[in-house]
Amino acid sequence: MSRNKELWLAILCMLLIGGLYGLVTIWYREVPAASGLFGHLIGVLGFILMLMTELLYSLRKRSRTARWGKMSDWLAFHIFTGLVGPFMVLLHSSWKFQGLAGAVMLMTVVIVVSGFIGRYIYTAVPRTVDGAELQGSMLEQSLAEMDAEVKRMEIFKDSVAEKEQEIRLKVEELKKEREKLQHQVGSLARARRRLAIWHTVHIPLGMALFTAAFIHIGAALYYATLLH
Amino acid sequence: MNKRIGCLTSSGLISALVTLVIMIGFVLAQGYELFSPGPLSSQAGTPLGGVGSHADIGGECSQCHTAPWNKTSMADQCVNCHVYIADQLADLNSLHGIIFRNNLDIACRSCHPEHKGTFAPLTVLKKFDFPHDNFGFSLNKHKIIWNGKGLKCQDCHNSDFYNFDMNSCKTCHEQSDVHFMQTHFGNFGSDCLGCHDGLETYGKSFNHDDESFKLTGKHAEAICTDCHTDAQTKLDLQSAPQDCNTCHQSDDTHTGRFGITCDDCHTPDGWKPAKFDHNLAQFKLEGNHIDVECKLCHTDVEYQGTPQECGQCHEEDDEHKGELGTDCGLCHSAKGWKPSTFDHAQSTYPLTGEHETVACEDCHGNKIFKGTPTNCFACHAINDKHNGFFGPDCSACHNTGGWLPSTFNHALNRFPLTGAHVNLACTRCHSNFNYQAASAVCASCHREPVFHAGSFGTNCVTCHTTTNWFASYTGPHPSFDDHGGINHEGAACRDCHTVNLISATCTKCHDSNNPDD
């Protein structure tokens, strides 16, 4: 749970919003129209969440001066808004996927899928506790420190017999960690390459989505909301 | 910032630009269809300006949509084509005229949505924004129909909203209760709108107690058609007669004899108990009559023309067996048979004196009042102390003031009373009330006095009269004729006969009994 808490939280939020949507549907005996009060509300809120998804994590990631919160938390928030926002926009569509609005919805789905893929590529790159990417030399240094610690522990284990079990477990844990780190060192170049490619696709997709979304909003305001 | 954020990267900006170009390309190639939320209706109507359906102007958004800053509204655009609607808006009695008169903020699209699909209906009156009330029928009670679903316009109007087939009422309502609807149609006809206005004025929610004629008692159990016969319109229902007779004429057991205002005696709680005020009738109920059951006098539920003569009801319990006639009231009152108040003075035998206090049955044994003999002896034979000697006519001597004093006329008798006899009490001569045995001989009462010394017998009248007991003897004086005769110088008998008549003395006048002295 704690490992993917943003995912579970997003699912919980989506269930709540979906339940509310269901109640409104039952109450009015029809699917809430995109142009209705409820449809508009979830559309506007969903789009704001999507904008937050697009901007906040990106700004924090690139800022050197304003380092509010840990990067990993910002990523969790990015994932949360990146799931809940599109879900609300999906409900806003009233299940009609035609014209520009349909295209925007389709792009939203694509970018969410892209985000899931990016999430797994991201974890392949070793990072510091606050989520900053580790450099190759730093990895080598970490490996050397681990080897020294294992050696020191094994010596310590022989001298303190009563703590033998505890020390042996710690050593095994260190060895596993070391093995993972070693694997990351081996695939670091490949992972970075994948992440770069993913960024190349994900960012333009996002921009295309938001461009289309803004045009959709403009057209809706022109043709529907502001019509008289 | 170490790097530009994603949206400002070259790939991001290029992507946005490409997206924009693609859209412009779409617009240039296919018009503004790109922004359409759905296909326009292809339902063809009478062509207006060469346009058969909205689908014909698909992509030409400006045909309907105006810019927010434009003064003309989308509704103006509608009536630009649908000119007849503009005409209706000017006519406040037309469909659209009524709608807009009562809903100034209503727009065409409130009822006529578009972009819902090629075959989607162009008139959708969801949530009853349509002011149906203005057309004489509220949809207030029709939000949900018999199957629990919401009412659709087509349920009543099919596809023609301008007309309404009342058969659709029957068709739909039969789904919930076919028997009721068939009966209802049979009773009230098929002009549903004649009575029903959707507000349930005369439907399930109708409360008859809100009307001038409240349904109470048995009336609450009646069905509508019991009173509202042949009602086909609301006016028929409202003008149902409220007088009792119209409905109850057929079951009026009095067959109209008591008029048409049943409620003078009855209430809606039932025909019984009735509360007829008999005191308003000719025959007022008093005394024991108050507690008598109606049917005892009014047999066969016949209340008018009931005979008022006592005998009509009391014939069976007339203890006089009819001999005193039928007017019991002459003697009796409604308070009871007793005490009766017969005025004997009006009869052939008025009661006077002691008779006034005599109990009726003393004379009228066996309660037979007629033909009772009026002769004294009929009653007094048993207590006739004369044992019939004086005959049956007691009144010859007595009156009703009492047996005594009696007034027997002795002069008519063989022994007329004269002189001192007149004032004698009867019993001086008639002892033991025996009047027959009394003798007329003087000696039966007057025994011979010692003074006579048996010299004169019993025939007193020889010397005495009833007026003067003193004797006036004029006969020969035995042995004294020679001595001055019987008058002897005016001497009375007792002057000489001081003891009795057979002895005499002279010494009362003379010095001795010797005549010579």
Side-chain angles (χ1 to χ4, degrees), chain A residues 27-30 33-36 39 51 53-66 78 93-94 96-104 107 111 196-197 199-228, chain B residues 1-24 26-27 30 32-39 59 61-62 64-77 105 107-109 113-117 124 126-127 143-144 148-150 152:
Chain A
W27 180 262
Y28 288 107
R29 296 170 183 273
E30 64 177 4
S35 56
L51 269 180
T53 310
E54 176 69 12
L55 291 173
L56 296 181
Y57 176 62
S58 191
L59 280 170
R60 171 66 182 83
K61 200 165 58 175
R62 288 167 178 79
S63 171
R64 284 184 178 278
T65 52
H78 174 82
S93 72
S94 65
K96 287 175 185 167
F97 309 106
Q98 55 203 351
L100 179 59
V104 170
M107 282 193 279
I111 209 162
I197 294 167
H199 267 122
T200 311
V201 176
H202 191 70
I203 289 172
L205 263 177
M207 278 308 287
L209 164 66
F210 279 98
T211 305
F214 275 114
I215 292 170
H216 162 70
I217 291 166
L221 283 171
Y222 183 90
Y223 287 116
T225 309
L226 297 177
L227 58 78
H228 57 109
Chain B
M1 291 274 189
N2 59 344
K3 279 163 59 178
R4 284 181 293 174
I5 60 172
C7 59
L8 297 177
T9 57
S10 54
S11 62
L13 290 172
I14 290 168
S15 173
L17 195 61
V18 168
T19 307
L20 202 59
V21 168
I22 290 171
M23 286 187 186
I24 292 169
F26 258 107
V27 171
Q30 298 186 3
Y32 293 93
E33 192 70 33
L34 181 68
F35 304 113
S36 172
C61 307
S62 59
C64 302
H65 296 282
T66 58
W69 50 86
N70 203 322
K71 283 185 179 175
T72 55
S73 67
M74 204 160 78
D76 295 329
Q77 296 293 87
D105 56 343
C108 303
R109 63 196 169 92
E114 254 298 4
H115 294 290
K116 298 292 180 186
V124 176
K126 286 182 181 173
K127 300 168 197 165
K143 289 180 180 174
I144 306 295
K149 293 182 179 174
K152 293 198 280 282

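Computed over heavy atoms, backbone and side chain alike; hydrogens, waters and symmetry mates excluded. Every chain is numbered from 1 and lettered A, B, ... according to where its sequence line falls, protein lines coming before strand lines. These figures come from a predicted structure and were not determined experimentally.
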Check: So what's closer than 4.5 Å to chain B heavy atoms on A/Leu55: side chain, backbone, both or neither?
Finding: side chain
Item checked: Atom of B/Ser11, atom of A/Ile203 and distance for their closest heavy-atom approach -> OG-CG2, 4.2 Å
Check: Going from NE2 on A/His199 to OG1 on B/Thr9, what distance comes out if it is rounded to the nearest 0.5 angstrom?
Finding: 10.0 Å
Note to self: Could you check whether any side-chain heavy atom of B/Tyr32 comes within less than 4.5 Å of a side-chain heavy atom of A/Tyr223, counting everything from C-beta outward?
What the structure shows: yes
Next item on the list: Answer with side chain, backbone, both or neither: which region of B/Phe26 has an atom nearer than 4.5 Å to a non-hydrogen atom of chain A?
Entry: neither
Check: Can you check whether B/Pro39 reaches A/Gln98 side chain to side chain, under 4.5 Å on heavy atoms?
Finding: yes
Margin query: So A/Leu100 and B/Met23, do their side chains get closer than 4.5 Å, heavy atoms only?
Written below: yes
Notebook entry, point to check: Of the backbone (N, CA, C, O) and the side chain (C-beta and beyond), which part of B/Ala16 lies under 4.5 Å from a heavy atom of chain A, both, or neither?
Noted result: both
Check: Out of curiosity, B/Leu20 CG to A/Ile215 CD1, how far, rounded to the nearest 0.5 Å?
Finding: 5.0 Å
Checklist line | Which residues share a side-chain contact (heavy atoms from CB on, under 4.5 Å) with A/Leu56, sequence neighbours left out | finding: A/Met52, A/Trp74, A/Phe77
Margin query: Between B/Cys61, B/Gly150, B/Cys64, who has the most heavy-atom pairs with chain A when the cutoff is under 4.5 Å?
Written below: B/Cys61
